[in-house]
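Reviewing the structure listed below.
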Number of protein chains: 2
Amino acid sequence: MSTNRRETKQRVAVSAALDQVNEFVSAQQLHSILRDTSDGVGLATVYRTLQQLAEDGEVDVVKTADNESMYRRCSRGHHHHLLCRSCRRTVEVESPSIEKWAQKVASANGFAEVDHVVEITGICADCQAR
Amino acid sequence: MSTNRRETKQRVAVSAALDQVNEFVSAQQLHSILRDTSDGVGLATVYRTLQQLAEDGEVDVVKTADNESMYRRCSRGHHHHLLCRSCRRTVEVESPSIEKWAQKVASANGFAEVDHVVEITGICADCQAR
DNA sequence: TCATACATGGGACTCATTCTCAAATATTGG
DNA sequence: CCAATATTTGAGAATGAGTCCCATGTATGA
């Protein structure tokens, strides 16, 4: 919850790696990328940093079918994902109407502190062709 | 994929337990419930059976924040969930407009075999009072 | 009743993620 | 700049859901 994050070598490295990749990566992948490239960042630290970035809204998190969290630098603003189940390609989708709908449904049922998860999956055009 | 399921003691037990509970339970919970009550069903079998029931559309599956799958006998028909993060109470929600929206967004991007996950979470009225 | 394809379960195994905690380091008041 | 202090780090152990193996058990159809 603390917004006081210290600027350590490791956090910078993780952040930089995320910029390089520019698509969804798991904590594990990021960890091995960092192992090769730079002077290495501990796995635990990679996890912690990614979680913090997610909390701060700096990265998006998506869960794969096999329960692995994938992270990607976020293009500011709330949005959802359209994910190809085959090649993992992702398209960001916005829809204010969905947000409103979620809010409405929730408060109609007396729920507060509303959050929601909306993910669409399918097989993208490229993978269909294959 | 096979619709040929044999009616074993265990499958009947799992199914019956699901009816008893009538709310979301994890495979683990179901397993320990069965251990106490009846003559026991192996954990592996509980998992298998729940997965099969899910495949056959007999149960709903929801994943908790900590990546545990929760199962509940399904009230037929596609719908979504409004879940209390505190007490796990669940409300089923229907919205044809969301379905249409997902379809539209997906095909607009060339995706086929569309599926989607929509889950709203919040704190229910009871838990707010507490 | 038999043959047999399918089902079971105990326990080993996987694998992402979290925890532990002493050592390293960023930050800050002086 | 330095010491005091609050954070952060990381290696390895621990956790825990879920899967796998495979010898044994059992519905089911002929």
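To find a chain, count down the sequence lines: A is the first, B the second, and so on, and within it residues start at 1. Hydrogens, waters and symmetry mates are skipped; everything else that's a heavy atom, side chains included, is used.
- Between the side chains of A:S26 and A:E68, at least one donor N or O lies within less than 3.5 Å of an accepting N or O.
- At a non-hydrogen distance threshold of 4.0 Å, nothing from residues 18-27 of chain B comes into contact with DNA chain D.
- Taking the nucleotide of DNA chain D with the nearest heavy atom to each of B:S69 and A:H31, the more 5' of the two is matched to A:H31.
- A salt bridge links A:D56 to A:R5: at least one charged side-chain nitrogen sits closer than 4.0 Å to a carboxylate oxygen.
- Residue A:Q52 contributes atom CD, which lies 7 Å from atom P of D:dT9 at whole-angstrom precision.
- In terms of modelled atom types and a separation under 3.5 Å, the side chain of A:S107 and the main chain of A:Q103 share a donor-acceptor contact.
- Between B:N67 and B:T49, the residue whose closest nucleotide on DNA chain C is further toward the 5' end is B:T49.
- Counting only N and O atoms by type, the side chains of B:R35 and B:S32 include no donor and acceptor under 3.5 Å apart.
- Defining each end axis of the helix from C:dT1-D:dA30 to C:dG30-D:dC1 as the rotation carrying four pairs' C1' atoms onto the next four, with five pairs an end, the two axes are found to diverge by 40° to 10 degrees.
- In the model, B:T49 has no side-chain atom that pairs as donor or acceptor with a side-chain atom of B:R11 under 3.5 Å.
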- Task: Go along nucleotides 19-30 of chain D 5' to 3' and tag each nucleotide: B for a protein heavy atom under 4.0 Å from its base, S when only backbone or sugar atoms are that close, - otherwise.
- Result: BB------BS--
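- When each of B:E68 and A:G42 is assigned the nucleotide of DNA chain D with its nearest heavy atom, A:G42 is the one assigned upstream, toward the 5' end.
- Listed by chain and number, the residues in a salt bridge (Lys or Arg N to Asp or Glu O under 4.0 Å) with B:E92 are B:R72 (sequence neighbours excluded).
- Atoms CZ (B:R11) and P (C:dC6) sit 12 Å apart, rounded to a whole Å.
- In this structure, B:H80 has its ring center closer than 6.0 angstrom to the ring center of B:H116.
- With sequence neighbours excluded, no residue forms a side chain to side chain donor-acceptor pair (under 3.5 Å) with A:Q51.
- Put simply, the side chain of B:N67 never gets that close to the backbone of B:K63: no donor and acceptor are under 3.5 Å apart.
- B:Y47 belongs to a hydrophobic cluster whose remaining members, ordered by chain and number, are B:L43; membership requires side-chain heavy atoms of ILVMFWY residues under 4.5 Å apart, directly or through intermediates.
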